[in-house]
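Let me begin by presenting the structure, written as C-alpha cells, before commenting on it.
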Amino acid sequence: MIADAAAKLGIDVPVYCYHEALGPLGACRMCLVQVEKMPKLATACTTAVSEGMVVHTRGPAVDKGRKGVLEFLLINHPLDCPVCDKGGECFLQDYTFQYGPPAGRFEEPKIQKVKDGPINEFILVDQERCVLCQRCVRFMGEYVGEPQLLLEGRGVETVVTTVDHEPATSQFSGNVIDLCPVGALLSVPYHHKARPWNIEREESVCTLCPVGCTTLATGRDGHIVRIEGRPVPDRSWGWLCDRGRFGFDFAVNPSRLITSYLEGREEAAARTTRQVGQWLRDAVSQHGGNSVAFVAGGLHSTEEAYQLNRFAREVVGTERLAVSRDVPGYLPRGLNGTFADIDDADAVVLIGTDPYESVPVVHLRLRDRARALPSLKLMGVAPRSLSRETLRVDTLVTHVGQEAAVLAAALSDAARGHAVLAELVSNGLGDLSGIDGEALAELGSTLVNSEHLTVLWDGLEADVEPVLVALQSVRGDKPTRVLPTWGPSNWRGFERAGFDARIESLTGILEDARDGKLQMLVLWGADLLREYPDQELVRQAYARVPVLVAESLFPPAGHESFKAILPQAGPGEVYGTYVNMEARLQVAMPSVQPPGQARPTKTYVTAWARAMEKPFVLQEDWDPYDDNSGDLVPEESVPREVRPIAPASSAPDGYELITGVLVIENGIPSDFLKPRVPQYPGRISPSDADRLGIRNQAVIKLSREGREMTAAVAVDPAMTPGRIYMPLGLADAPVNALGTGAVNVTVIEEVHSA
Amino acid sequence: MLEGLKAIAKGMGTTLKALSAPRDTYPYPEKRREYSPRFRGKHMLGKDEEGHELCVGCGLCEAVCPAHAIRVVAAEAPADKPVSWTNRYSIDYEVDLIRCIFCGMCEEACPTNAVRLTPFNELAAYDRESMIADKQELLHPAIRK
Ligand code: SF4
Ligand code: SF4
Ligand code: SF4
Ligand code: SF4
Ligand code: FES
C-alpha cells in the first residue's frame, strides 16, 4: 500500500482508519494522495504500490482534499480539547493544525451525543469526538474475534457503542484506547489526570505474565497513572491485555508492603536489615555457608537476581540458590523459541496451556497467524478442551498426568522405530484407554510431519520435557520450538543471573529445611505457600527452619512464620532487565521512586555484607546481554539423551482436579481489575453440576487423604465431564494444598446467580 | 562679588522653579499610581456568573509558561458537585511568583479566560514559600490596600 511505502520512507501521510495489523478499509479518506495518471485523488491506504507509479503526497489538489475531509470531520466535533484527555496527543488536532482549514463554515448547532459513556469498567466513550474510523470496531471484531463494539445509527447519527449496550468483557478491550486516533475512547484510570507535557513516559515491560509485553509507563507526580502498549517495529504491535494495562495500581495497593517487619512487629528498615545481617553472620559462622538458602521469585529483575546471586555465593558462600516454581516442568534453553516461531509455524501444539488465560497477548498472536494461514494446524493436549470462540483448537482431552504419555504414544506411532523413542518409552506408556486412536494418529503426524512446529507448554507435567527433546531429535533439522507459559515471569532471567530454575533444587532446599538441615531460608519475592506445588512440604519447612526471611511486594502467605519481612521495590521503580518466555531480554526504565521503605535488592545485600564484615563490591555495569546473541539469552545446545517417562496411570475414579494459569488472578492485587476477577474462578462441566445438584455457581469442598480445600466454581459448558478446574495460586483457594488428580467433592453451598 | 551673587540667584531660581513644578515620583505607599487595566501583575482565576470556576485544568497555561511557574493538577468532579462549569476542573493550581516573568502567555493561552493577570503588583513577602500563590489565593484576588 502507498501508506506503508510512504511510512517506510519517512514521508508523512495522515491516516485514521488504516492500521497495518488490521488491514486496509478506506473509511476515513484522510490519506488522500495524488497518483499520476489517476483521474482523482486516491486513498493511500487502499491503493497498492506498483512499478513506475508517481505519487504526490502534497500539492494543491492533495491539500484541498485533506482540507475538505478535515472540515467535514470537524462539523460535528465538539470544542472539547481543553477537557479532552487526548489533547496534546490527538491526531485530529495534529492533522487539523498541519492540513486543516483555518475555520469551519458550518454554522448550525452541532449534534449532541453521549459523552463519557461507559464501554466497560476501564473505558469511556465520547461519541461526539469519534471520527468513525472503525479501528476499535474492527480490532475487537476481526482481530480479537470478540465483536463487542459496533457502529450504530446512520449518517451523522452514527455512534460507536457496545453490543446490546452491555459492557464489553474482552480482556483485550483496553487496546482500543491506544488505537483510537482521537479522544473518543478514554482510559478510566487516566481520566482527567494529566497532559503529555507534564508526565514522564518511560519505556517499560509488563512483568505480570511471561509474555513480557512492551509498554510505556506514564508517571505523574511520583505515581504511575497509565500503561500504554509500545509497538516494536517488526516484532510486536504493542497490544496489551487488560491485566497488564490496568493492573499497574498494585504499586499503590493498600496491602503493599512499605515498612519492614521484625518478628511480626513493624520496625525501622535499618534495624531490620542489620538484624538480618546478624542472622546471616551467625548462620554462616556456626553452620557454614550452605546452611543458608535463597529462593528468587516474584517480579524481580535479572540484575537484582544477579546481585543476590553474587552476594549469596561470594559473601554467604552458599550454593543453595533456587527459583520459586509453581509447576515442575523445565525447558532447556536450546528448545526455547521466540514469537517469530508462531508467525512462521504451520503447526502449533498447545500442551496443557490455554493461551487466552495464561499468556493473553500470545493468544492474539496465534489468532493473527491462524488468520494469515487458514491451514494452520492448531492442536492441543490437555485435560480440558482448549478451544474457544476466538481460536479453534483440536484438543485431545487427556486425564491428569497423561500428557507426556499421550504425546509419546503419538510420536512413537508416527515415527516408529526411531532410536530415541525406544529409550523414551522404555518404562511403557501405561494405560491410555479412552484416548481416541484417530486423534492420536493426527497428533502424531502433526508432530512429525509439520514443517515448522511451535509448541506452547504449561510445565504442569515435568515428563513432557524428555518428550520434547525426543521430538526435536525425531524432527531433525525442521524447526521445533517451544514457548514456556509458566511463571515467575522472569524465571529465565533468574537462571541467567545464576539461579537454578529446575524445581528439583527448590524441592531439595525445602526438604533440607524440613529435615532441619537449613539454618536460614531467604525468600526473594517468592511466596512458596501459594506457589510451590506441594503446600504441605512448604508448611513443614517453614515450621522447622530457624530463621525465615522474606523480601516481597506483598505480605507472603503464612507471614506469621517469618522472622523478618522486607519491602521490595517493584518494576517501574528500579531499572531492570526482564527475560520473557522467548528468552528475550527487555529493559524497563523506572518511572517513579519506590514507596516508603521499599528498597532495591542492592541496598539490602550491600548492607548485609557490611554487617557480615566481608568485602563485597558490586560491579555497577553487569550486563545480562551477550555479545553474540543480541537481545536473547545465549543459545545452548539441546541435550541429546532423553530420560524415560513414567507410564500413564489409569484414569482415576470420580472427579479430577485440574489447574492452569489465569493471569487475571495471578496473585498480584489490583483495585482497578477487581470487577473483572471472577468471583467463581473454578469451573465444572454441566453434567457434573447436574449430578451434584449445582445450577449455576456453588462453593464446593474438595478433599483427598485428609486434606481439603473449598472452591468457588461456576458451570462452564466447555469443561469436560469428570474434571474440576481451579486456577493456580489463588490466595483463598490454593490448589497446591491438594495437588491435582482425583478428589472427592461435596457441595457446601449452592449460589444462584442474580 | 556680583558675579557670585548672580550665580546664587540663578541657582535659587532653578530650585524654586523645580519646587513648584509637577512631580514624577509618588509618596508611596500613601499615594499610589493608577495602572492601565492591561498591566500584567499577579494572576487570578476567574469564575462565571453562577460561581463556577472557569478553569478546567487543561494545563495549557502550564505548557506555555516559559518560566515553568505554573502547576496544574486536573481531576474529575463528582457528578453532583461540579466545581467548574464542566466535569473537569483543577484540583490544584499554583503559580510560583518568583519564577513568573509576567509575560502574560498563560492569559493568552487559556481557552476559558480563567487565568488573568491583574494590575496588582505588590508582591513582596518575607519568605519564598509565601511567594507561591495557591488556588484559593488566586480565586480571591487581592485588592489594592
Ligand atoms: S479528540 Fe482531539 S480534537 Fe477532539 S476534543 Fe479531543 S483533543 Fe480535541
Ligand atoms: S471510537 Fe475512535 S477508534 Fe473507534 S471509530 Fe471512533 S474514532 Fe475510530
Ligand atoms: S499478556 Fe502478559 S505481559 Fe502482556 S500485558 Fe498481559 S499480563 Fe502483561
Ligand atoms: S487556567 Fe486556563 S489554561 Fe490554565 S489550566 Fe485552567 S483552563 Fe487551562
Ligand atoms: S487511512 Fe486511508 S481511508 Fe482512512
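Every chain is numbered from 1, with letters handed out A, B, ... down the list of sequences.
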Is the number of heavy atoms from other residues, nucleotides or ligands within 6.0 Å of [atom1] ([X]) greater than 12?
X	atom1	answer
A/E107	CD	no
B/L19	CG	yes
A/H223	NE2	no
B/D127	CG	yes
A/F72	CZ	no
A/E89	CD	yes
A/F672	CZ	yes
B/I91	CD1	no

- Message: Check this for me, if you would: do A/D221 and B/R71 make a salt bridge, where the nitrogen-to-carboxylate-oxygen distance has to be below 4.0 angstrom?
- Response: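 Looking at A/D221 and B/R71, the cut-off is met.
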- Task: Would you check if B/R88 and A/D85 make a side-chain contact, meaning some heavy-atom pair closer than 4.5 Å?
- Result: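 They are in contact (side-chain heavy atoms under 4.5 Å apart), so the answer is yes.
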- Less than 4.5 Å apart, any side-chain heavy atom of A/V83 and any of B/Y89?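 Heavy-atom side-chain distance check fails, nothing below 4.5 Å.
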- Message: How close do B/C58 and A/P82 get, counting heavy atoms only, and between which atoms?
- Response: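 So the minimum-distance heavy-atom pair works out to CB-O, 3.0 Å.
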- Those residues of residues 72-84 of chain B, ordered by number, that approach chain A below 4.5 Å (heavy atom to heavy atom):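 Residues B/V72, B/V73, B/A74, B/A75, B/E76 are the ones that qualify, each having a heavy atom under 4.5 Å from chain A.
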- Query: What residues of residues 92-103 of chain B sit under 4.5 Å from chain A when you count only heavy atoms?
  - Reply: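 The residues closer than 4.5 Å to chain A amount to none at all.
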- Query: When rounded to the nearest 0.5 angstrom, what is the spacing between NE2 in A/H191 and CG in B/N87?
  - Reply: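 These two atoms lie 5.5 Å from each other.
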- Within the side chain of A/W197, is there an N or O that forms a donor-acceptor pair under 3.5 Å with the backbone of B/E62?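 Flag not set: sc A/W197 to bb B/E62 has no pair under 3.5 Å.
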